[in-house]
Amino acid sequence: QVQLVESGGGLVQAGGSLRLSCAASGRTSYHMGWFRQAPGKERVFVAAISWSGGSTYVADSVKGRFRISRDNAKNTVYLQMNSLKPEDTAVYYCAADRSSVGPLKYDYDYWGQGTQVTVSS
C-alpha cells in the first residue's frame with residue numbers, strides 16, 4: 001500500500017514554470033507517473049519514471065518543456081514544468097505502479113488526489 005500526496009500546483013502566466021511534487025508514504029518502491037485531466041476530458045499521460053530513475057518517459061505534448069525526476073531518499077517524485085501554456089491547464093495526478101513503467105493509466109495501482117495547475121494567457 002502507498003499513499004500519494006501532490007503539491008505545488010497553482011496559477012501561473014503563460015511562459016512561466018511550476019514544480020509539482022508527489023510525496024509517497026508506505027511502501028515506496030514503485031515506478032511513478034504523472035497524468036493530467038482537463039475539464040471535460042480524459043485523464044492522459046504526462047510523464048513516468050522507473051523506480052531507479054534510470055528510465056523516463058514524457059508525452060510528446062510536453063517533451064522539451066516538462067521533466068520528471070525522483071529523490072528516493074525523500075520518497076518524492078517531481079514534475080518540473082517550464083514554458084507553460086494555457087493548454088497545460090488541468091488537474092495533475094501522480095500515480096504508482098508496482099510492476100511496470102509507462103503511459104497506460106490502467107496499469108497504475110495507486111493515485112493521489114491531484115493538484116490544480118492553471119495557466120493564464
Side-chain angles (χ1 to χ4, degrees):
Q1 191 83 11
V2 62
Q3 294 77 43
L4 305 173
V5 179
E6 302 97 333
S7 61
L11 174 65
V12 64
Q13 289 188 332
S17 298
L18 283 174
R19 188 178 79 158
L20 305 183
S21 299
C22 174
S25 60
R27 179 181 173 183
T28 57
S29 55
Y30 289 94
H31 308 298
M32 299 294 293
W34 285 98
F35 292 76
R36 67 185 182 187
Q37 188 167 17
K41 296 188 177 181
E42 290 189 358
R43 191 171 301 187
V44 297
F45 171 75
V46 176
I49 188 167
S50 62
W51 153 242
S52 68
S55 296
T56 60
Y57 305 87
V58 180
D60 288 343
S61 60
V62 303
K63 195 166 291 183
R65 300 189 297 122
F66 291 13
R67 187 174 69 89
I68 188 171
S69 63
R70 67 189 301 162
D71 184 339
N72 286 342
K74 297 182 178 179
N75 295 331
T76 302
V77 176
Y78 303 99
L79 185 68
Q80 178 66 45
M81 306 187 296
N82 299 324
S83 302
L84 283 160
K85 305 175 181 180
E87 51 263 44
D88 295 318
T89 294
V91 177
Y92 283 71
Y93 298 89
C94 73
D97 190 323
R98 290 172 292 187
S99 58
S100 63
V101 57
L104 300 180
K105 59 188 175 184
Y106 301 109
D107 287 346
Y108 286 80
D109 305 292
Y110 303 100
W111 293 83
Q113 83 289 347
T115 185
Q116 176 71 47
V117 171
T118 304
V119 185
S120 63
S121 58

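Worth saying up front: this structure is predicted, and the values here are computed from it rather than measured. In this chain, numbering begins with 1 at the start of the sequence shown.
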If I compare all heavy atoms of K105 with all of F35, which pair ends up nearest, and what's the gap?
CB-CE2, 3.5 Å
CZ/F66 to CE/M81 distance, rounded to the nearest 0.5 angstrom?
5.0 Å
Keeping R65 on the side-chain end and S83 on the backbone end, is there a donor-acceptor pair under 3.5 Å?
yes
When you measure from the side chain of R43 to the backbone of V91, do you find a donor-acceptor pair of N or O atoms at a distance under 3.5 Å?
no
Tightest non-hydrogen contact, residues L79 and A47, listed as CD1-CB, 4.1 Å
When the ring centroid of Y30 is compared with that of Y108, is the distance short of 6.0 Å?
no
OH of Y78 to SG of C22, rounded to nearest 0.5 Å, is 10.5 Å
Donor-acceptor side-chain pairing of S120 and Q13 below 3.5 angstrom
no
Nearest 0.5 Å please: distance from the CG atom of N75 over to the CE atom of M32.
9.5 Å
Has the side chain of T76 got a donor or acceptor atom that lies under 3.5 Å from a matching backbone atom of K74?
yes
Hey, does L18 have a side-chain heavy atom less than 4.5 Å from the side chain of V117?
yes
Check whether NZ of the Lys or CZ of the Arg R98 lies under 6.0 Å from the centre of the six-membered ring of W51 and within 45 degrees of that ring's axis.
no
The reported gap from CG in D97 to CD1 in I49 (rounded to nearest 0.5 angstrom) is 13.5 Å
Do the side chains of V2 and W111 join up, straight or via other hydrophobic residues, at under 4.5 Å, putting them in one cluster?
no
Separation of K85 NZ from S121 OG (nearest 0.5 Å)
14.0 Å
Answer yes or no for R36 and Y93: cation-pi contact, defined as NZ/CZ to six-membered ring centre under 6.0 Å and angle to ring axis within 45°.
no
Any sub-3.5 Å donor-acceptor pair from T89's side-chain atoms to V119's backbone N or O?
yes
Partner set under side-chain contact (heavy atoms from CB on, under 4.5 Å) for T115, not counting sequence neighbours:
E6, L20, Y92
In this structure, CD1 of I68 is separated from CH2 of W34 (nearest 0.5 Å) by 8.0 Å
